[in-house]
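Worksheet: the structure to be examined is printed underneath.
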Amino acid sequence: MFVWLFLIQHRNNILYLVESFQTVIIVGETGCGKTTQIPQYLLEAGWAAEGKVIGVTQPRRVAAISVANRVAEERGALLGHEVGYTIRFDDCSDPHATRIKFLTDGMLVREMMADPLLKKYSVLMLDEAHERTLYTDIAIGLLKKIQKKRRDLRLIVASATLDAKKFHDFFNLNESGDPNKDTCGILTVEGRTFPVDVFYTVSPVPDYVKATVETVMKIHETEDDGDVLAFLTGQEEVEKVASLLQDQARSLSRYGMKKHLRILPMYSGLPYAEQMKVFERVPSSVRKVVVATNIAETSITINGIVFVIDCAFVKLRAYNPSTAIESLVVTPISKASASQRAGRAGRNRPGKCFRLYTEEDFEKLPASTVPEMQRTNLAPVILQLKALGIDNVLRFSFLSPPPAQTMVQALELLYALGGLDHYGRLTDPTGVRMAEFPLSPMFAKMLLESGNFGCSKEIVTIAAMMQIQNIFVVPTNQKKAAAREHRKFAVAEGDHLTMLNVYEAFIKHQKSSQWCQEHFLNYKGLLRAVTVREQLRRLMNKFKVPRTSSEGDPDVILKCIVSGFFANAARIHHSGSYRTLRDDRELHIHPNSVLFGEKPPKWVVFNEVVQTSKYYMRDVTAVESSWLVELAPHFYKQAKHGSLASKRSRVL
DNA sequence: CTCTCCCT
C-alpha cells in the first residue's frame, strides 16, 4: 500500500497506521519533516500517556542533539524536560518528565542491556534506517525479537524508497498470505527539496581528480552564483584538488577576474578550526568551493550549495574473514549514494549535479551500499548479542546476515580472550564484564587484566587515548614544526606509551588549550579522552579492579597490553617488513606510528591492521616473544626451533 | 610514506 502525500495533510493517516500496524515503514524524502513532526503527532495522540516514552533514534550524535533542540523549540519547551536526548557522555533527558527522547541507535542497544524489553517506550522510530549503519542493523534485529514479546510496542522505520520493501518483508509477521493480516504497513511522504538537474559525461573520465578541477573551473566560468561541493574519496585527493584549484584561483585573481574562488578542504581528520571555515559565510563576490570526502554526504550539511561534482567513488571499510584483516578500499558508489550526493545541490534552490561518469556507468552501479554489518569485524557485535541473551548468534534474525566465516572468526577471538566458553556461552564474570565496556573486546580484556599487572591507572589512560583519532594535529602549512613537537612525546617502546606520555603531559599542564596549540595536539580530542577515561574508570571500580600504578616501569604495561592483544602479534622478517604470527602475512608499520622509520623492534603487537597500498599495523608497540608464550599459552606454543607458531583455537 | 565515516 503506497500512499503519496505531504506529511501535515495526512497526520491522521500516519496515526491510523501506527494504530493498526505493529510496524510502519515511512518512506520519507529529505525535507519532509518526518523526524521532527511524527514524534509530536504521536505525543498529541496520547502515545506518551502513563509515563511512556516516544523514542527516536539517529545514527549520529550531532543529529540527535540538533533535532531534539528543534522539537523542543517548536513546542516551546526547555530541552531536557518534555523533549530530550541521550547520547554517550551527554544525557539531557529527565526519567520522569521526558516524553519524546532522541537517542543514538548505539545508545538504544546499550539501554537494552538494562531493560531488555525496552518497557518504557510505547513507540520507537528508527530514523535514517536506509543508511544501514552497524547499530541500526543490530537494533532492527533485536527489536523484531522484542516485538514478539511485546505486541504493544510500535515501531516506525524511516527509510529511503529503495529499501522499503526489504524492511516491510522483514517486519511483516503475517504468514497467511492474506494482506489484510499484515502487521507492517508502508507510507510514502513526498519531500520538499528543490529539483536538481543531473549531467553525465559523454565518455568515461580517465582521471577524476583532474576532471574535478576542470569541472569546478567550468562552473566558475559559465554558471551563475552558487557554491560548489565536490566529492572525492580521501584526504590525499582532497588536498590535491584543493591545491590545484588554489593555483587556478590565484592566476584568476592575477588576471583581475571580478568573481573570486574560496577553496575549502573538508574531511574528518582536518583540524577543527580548518573544518569550521566551511560554514563561514562569504561575500557575494566570492564563490565557495568545498572539496570533501563523504563526510559531506550525510554527516554535515553546508548551506548555499548549488553545484555538486560527483566522482562516483567512495572509500569503504571491507573485512576479509579468512585473514581477519580490515581494509579501506576505494569502491564505486551505489545509486542511492549518487542520489544522496546530488540532493546536496537542492537544499536551498534548484541546483545542478555533474557526474564525472557516463549514464551507462551509472546504470551499472549497485542499487545500495553493502550494509556495514557485512563488511566489518563482528567480535564486538557478537559479544553484545551474547550479553543480550542471544545464545545462537548464527541464527539471529539479521536484516542482512553477515558472512558465516566472519561470525566464526569473531567467536574464535572471543573464546581466545576468555569471553566465551567452549560451548560459545558468555563467561561469568569475564565475558559479562567485557560486554559492558564500550570498547572492542581486546581493549576490554586488557582493562580487566590490568589489576593483575599492577598498572590499571596507566592502562585506563592508554585505552581512552586509543579511542581518539588524530591526537597529533598536523596543519597543512606547518608540517615540519608539528613533527618536531610530536617527536618530544615519542618513546622507543611505541605508540601506546607515547600516547600515555601525551595524556599525562596534558594533565600536568592543567588541560591547557594554549599548551595543546603550542605542541600541535588535538585539544578537543584530549578533552574527550579525559571523559572516556572517566567512564572506563567507573566501570573498573564497578568490577573492583584495583587502582594501581606501575610507577614508571614500562614492562608491566606492555605485558598487560599483550594480555589483550596477543592475537595481533607480528615478528620482524629479514626483508625488513613484519609477518603476523597467526598466519604469516606481510605487514608494515603505519607511517603514522612513532616506530615508523625507527630501528624496527623484533616483536610487536598492534591494535589493528588497515590495508591501503600495503597492510599497515596501526598503534604498534614493541614486546618480548616470551611474553606471548607466557600470557597466551592457549594461543601460542613455543616451537622446537625457538620460533613461535600459533595454535588455532576453535569454538564448537 | 599515510585514515572513508561513525558509535557504545
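So you know, we letter chains A, B, ... as the sequences are listed, proteins then strands, and number each from 1. Just so it is clear, the values below take in all heavy atoms, side chains as well, and ignore hydrogens, waters and symmetry mates.
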Quick check on [N]: is either OP1 or OP2 less than 4.0 Å from any side-chain nitrogen or oxygen of [X]?
{"X": "Thr293(A)", "N": "dC5(B)", "answer": "yes"}
{"X": "Thr104(A)", "N": "dT8(B)", "answer": "yes"}
{"X": "Ser613(A)", "N": "dT2(B)", "answer": "yes"}
{"X": "Ser299(A)", "N": "dC5(B)", "answer": "no"}
{"X": "Arg110(A)", "N": "dC7(B)", "answer": "no"}

Nearest listed nucleotide, side chain of [X], among [options]:
{"X": "Arg88(A)", "options": "dT2(B), dC5(B), dT8(B)", "result": "dT8(B)"}
{"X": "Gln235(A)", "options": "dC5(B), dT8(B), dT4(B)", "result": "dT4(B)"}
{"X": "Met107(A)", "options": "dT8(B), dT2(B), dT4(B)", "result": "dT8(B)"}

What's the [atom1]-[atom2] distance between [X] and [N], to the nearest Å?
{"X": "Ile138(A)", "N": "dC6(B)", "atom1": "CD1", "atom2": "P", "result": "18 Å"}
{"X": "Leu134(A)", "N": "dC6(B)", "atom1": "CG", "atom2": "C1'", "result": "10 Å"}
{"X": "Phe437(A)", "N": "dT8(B)", "atom1": "CZ", "atom2": "P", "result": "17 Å"}
{"X": "Asp137(A)", "N": "dC5(B)", "atom1": "CG", "atom2": "P", "result": "21 Å"}
{"X": "Glu128(A)", "N": "dC7(B)", "atom1": "CD", "atom2": "C1'", "result": "15 Å"}
{"X": "Arg132(A)", "N": "dC5(B)", "atom1": "CZ", "atom2": "C1'", "result": "17 Å"}
{"X": "Glu239(A)", "N": "dT4(B)", "atom1": "CD", "atom2": "C1'", "result": "15 Å"}
{"X": "Met113(A)", "N": "dT8(B)", "atom1": "CE", "atom2": "C1'", "result": "10 Å"}

Item to check | Ring-ring centroid check Phe437(A) Phe543(A), cutoff 6.0 Å | outcome: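 Ring centroids of Phe437(A) and Phe543(A) are less than 6.0 Å from each other.
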Item to check | Ring-ring centroid check Phe443(A) Phe565(A), cutoff 6.0 Å | outcome: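 Yes - the distance between ring centres of Phe443(A) and Phe565(A) falls below the 6.0 Å cut-off.
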Checklist entry - Is NZ or CZ of Arg585(A) both nearer than 6.0 Å to the six-membered ring centre of Tyr615(A) and within 45° of the ring axis? => result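 Negative - Arg585(A) is either too far from the ring of Tyr615(A) or too far off its axis.
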Checklist entry - Does some side-chain heavy atom of Leu526(A) sit less than 4.5 Å from a side-chain heavy atom of Ile468(A)? => result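 A side-chain contact under 4.5 Å is absent here.
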Item to check | Sidechain N-carboxylate O distance under 4.0 Å for Arg375(A), Glu372(A) | outcome: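 So Arg375(A) does not pair with Glu372(A) through a salt bridge.
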Item to check | Sugar-phosphate, base or nothing in reach of Arg317(A), heavy atoms under 4.0 Å | outcome: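 Answer is base: heavy atoms of Arg317(A) come under 4.0 Å of a base.
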Next on the checklist: Under 4.0 Å, heavy atoms only, any strand: does Leu328(A) hit a base, just the sugar-phosphate, or nothing?
Outcome noted: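 Leu328(A): base contact, heavy atoms under 4.0 Å.
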Next on the checklist: On DNA chain B, does the nearest nucleotide to Leu439(A) precede the nearest nucleotide to Lys614(A) from the 5' side, or the other way round? Give the residue.
Outcome noted: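 Upstream on the strand: Lys614(A).
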